[in-house]
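Residue numbers start from 1 in every chain, and the chains themselves are labelled A, B, ... in the order their sequence lines are given, proteins ahead of strands.
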Amino acid sequence: MRDGIDREQVSGALLRWYDRAARVLPWRVGPAERAAGVVPDPYRVWLSEVMLQQTTVATVKAYFHRFTTRWPTVEALAAAQDAEVMAEWAGLGYYARARNLIACARAVAAQGGFPDTLDGLRALPGIGAYTAASVAAIAFDRSETVVDGNVERVVARLFAVRDPMPKSKPMLARLAARLTPLERPGDFAQAMMDLGATVCTPRTPRCDDCPLAGFCEAQAQGIAAELPVKTAKTPKPTRRGIAYVVIREDGAPLLETRPPKGLLGGMPGWPGSDWGDDPTPAPPLAADWALLPGVVKHTFTHFHLELSVATARVPQAVNPETGDFRPGFDPGALPTVMRKVWDHAASGDLFAGRDGA
DNA sequence: GACGCGTGGAT
DNA sequence: TATCCAAGCGT
């Protein structure tokens, strides 16, 4: 590992690059605006950082726009109904983030605003080491070290750290702290992440375009693309299940709200079997079920899922064993796997009527 | 510290 | 097609 990297030289070179090449993002106060005295809104910084957790910039943009249009302030978000927020979050994934977002907004509103220290932020729901540091640095100009996957990769290469992740994470964080400047910590953090996202990329880093190439030990050794080393991941198993899509005469679909914790917690979904090697059928009511051909495939973080879909139309009077009929339900409020089930059901004869078959 | 937790784009 | 990966957090 190289040890002679100078904080001022590295942060200076990176900030000069950022002043010239910073991406324009909806939640970002760019270097020129910042220099002109524009102050970031902690609410927008926090909201964007939570949305960006393990989620790409391209995906977040539309959600950020919808959220800030509908709820322009943390007080407005705090006053929203849970189900409204969950529905607006639908499709973005990691739904615990949305539950924590609501809890955090209400705590902040009750406190009269966001805390402006690392520890104060860190104590809020859904705010961990990364988000606390990024909000402290970007919104409150505090010299905190922001460490995300980009920063870990950049630092691993700068210092040619060959120890595998995740074991090396604490070391990478210490090395990142060495580089964090006292001035412009927020721009520095965003510059590190921009660099990782656009230049110091995972597979094929563009070292020829890198403002830090002259400081980079991995570049000097010709091993930038090999770093950081990661320990191998275990392969994903495949689970199977059956989802039941029932439409009542009035068009209301039968849905249930999933338990508040765990997979898709708090989100609406179709009644179904367990998900496993050999699922047991579990229709939510007695009906003339039609098992559709094909399966819906979806991959979660730690397993593949193949769902068979059974559909039925039922009269107005029936009472389901699980879930409830929801007139006027918007399929856009479904998490993606459940929306795929809906799309698959709609491709069948669910709406054509099967009486004439 | 390891695991559970979504989704869509890149390779 | 399969795998990797992304501005992580909570338990």
Side-chain angles (χ1 to χ4, degrees), chain A residues 22-23 25-28 44-64 86 89-101 103-104 121-139 144-154 165-170 173 176 186-198 200-205 225 228 230-239 258-267 269 275 297-305 334-340:
Chain A
R23 289 185 291 175
L25 301 173
W27 47 85
R28 173 174 287 177
R44 293 168 64 88
V45 174
W46 161 74
L47 179 62
S48 65
E49 292 299 346
V50 172
M51 287 183 166
L52 286 162
Q53 291 167 7
Q54 297 287 284
T55 309
T56 58
V57 165
T59 299
V60 165
K61 282 181 178 174
Y63 283 86
F64 181 81
M86 300 306 286
W89 195 274
L92 197 52
Y94 285 136
Y95 298 97
R97 290 186 295 171
R99 301 193 296 275
N100 286 328
L101 190 83
C104 184
L121 290 160
R122 182 67 183 78
L124 291 165
I127 298 188
Y130 163 79
T131 305
S134 61
V135 174
I138 297 169
E144 304 292 354
T145 300
V146 175
V147 184
D148 75 328
N150 290 302
V151 174
E152 287 172 341
R153 184 171 58 256
V154 169
M165 296 239 289
K167 198 177 191 178
S168 60
K169 278 172 174 277
D187 284 348
F188 174 79
Q190 294 178 90
M192 286 285 277
M193 295 188 283
D194 269 18
L195 189 74
T198 65
C200 195
T201 52
R203 307 293 185 96
T204 313
K230 297 192 176 184
T231 55
K233 298 175 181 175
T234 61
K236 292 173 167 54
T238 297
R239 301 181 189 171
R258 298 176 60 85
K261 301 195 175 188
L263 189 67
L264 308 177
M267 297 298 288
W275 294 349
K297 293 186 178 184
H298 189 78
T299 299
F300 294 101
T301 307
H302 54 296
F303 65 95
H304 303 290
L305 179 65
L334 292 169
T336 297
V337 63
M338 299 296 173
R339 187 184 46 72
K340 286 184 182 177

Counting distance alone, no hydrogens or angles: does the base of C:dG8 have a donor or acceptor under 3.5 Å from a partner atom on the side chain of A:Tyr130? no
Please tell me which of the listed nucleotides, B:dG8, B:dG6, C:dG10, lies nearest to the side chain of A:Leu264? B:dG6
Which atoms form the tightest heavy-atom contact between A:Met86 and A:Ala98, and what is the distance? SD-CB, 3.6 Å
Starting from P on B:dA2, measure out to NZ on A:Lys167 and report it in whole angstrom. 9 Å
Interatomic distance where OH belongs to A:Tyr63 and C1' belongs to C:dA6 [whole Å]: 15 Å
Between A:Trp46 and A:Leu124, is there a side-chain heavy-atom distance shorter than 4.5 Å? no
Can you check the distance between C:dT1 and B:dG6, where both ends of the measurement are the P atom (answer in whole Å)? 26 Å
Selected nucleotide, minimal atom distance to A:Asn100 side chain, candidates B:dG4, C:dG10, B:dG8: C:dG10
Is the distance from OP1 or OP2 of B:dT7 to the nearest side-chain N or O of A:His298 less than 4.0 Å? yes
What's the spacing between A:Leu195 CG and A:Met192 CE if we round to 0.5 Å? 7.5 Å
Rounded to the Å, how far apart are A:Tyr94 OH and B:dT7 C1'? 9 Å
Going by modelled atom types, is there a donor-acceptor pair between the base of B:dG6 and the side chain of A:Thr301 at under 3.5 Å? yes
At less than 4.0 Å, is any side-chain N or O atom of A:Gln54 found next to OP1 or OP2 of C:dG8? Yes or no. yes
Interatomic distance where OH belongs to A:Tyr95 and C1' belongs to C:dG10 [whole Å]: 18 Å
Note: A:Arg153 and A:Pro228 closest approach over all heavy atoms is CG-CD, 3.5 Å
note: A:Glu152, atom CD; C:dA6, atom P; distance rounded to Å ~ 9 Å
At a heavy-atom distance below 4.0 Å, what parts of residues 230-238 of chain A sit against DNA chain C? A:Lys230
Considering only side-chain heavy atoms of A:Arg97, which listed nucleotide, B:dG8, C:dT3, B:dG6, is closest? B:dG6
Counting any heavy atom closer than 4.0 Å, what does A:Arg99 reach on the DNA or RNA strands: base, sugar-phosphate only, or nothing? nothing
Measuring from the side chain of A:Lys261 (C-beta onward, heavy atoms only), which nucleotide among B:dC5, C:dT11, C:dG8 has the closest atom? C:dT11
Rounded to the nearest 0.5 Å, the CD atom of A:Glu152 sits from the OG atom of A:Ser168 at a distance of 7.5 Å
When you check the phosphate oxygens OP1 and OP2 of B:dT11, does a side-chain N or O of A:Thr204 lie under 4.0 Å from one of them? no
5' priority, DNA chain B, between A:Ala58 and A:Thr55 [closest heavy atom]: A:Thr55
Taken to the nearest whole Å, CG/A:Leu52 to C1'/C:dC5 is 15 Å
Tell me the interatomic distance from A:Leu92, atom CG, to B:dC5, atom C1', rounded to whole angstroms. 13 Å
Heavy-atom distance under 4.5 Å between the side chains of A:Thr55 and A:Tyr63, does that happen here? no
Phosphate OP1/OP2 of B:dT7: any A:Thr336 side-chain N/O under 4.0 Å: yes
According to the interplanar angle, ranging from 0 to 90°, do the rings of A:Phe303 and A:Phe300 count as parallel (below 30°), tilted (30 to 60°) or perpendicular (above 60°)? tilted
Side chain of A:His302 only, heavy atoms from C-beta on: which candidate in B:dG6, C:dC4, B:dC5 is closest? B:dC5
At under 4.0 Å between heavy atoms, what does A:Val57 touch on the DNA or RNA strands: base, sugar-phosphate, or nothing? base
When you match A:Pro170 and A:Gly91 each to their closest nucleotide on DNA chain B, which lands nearer the 5' end? A:Pro170
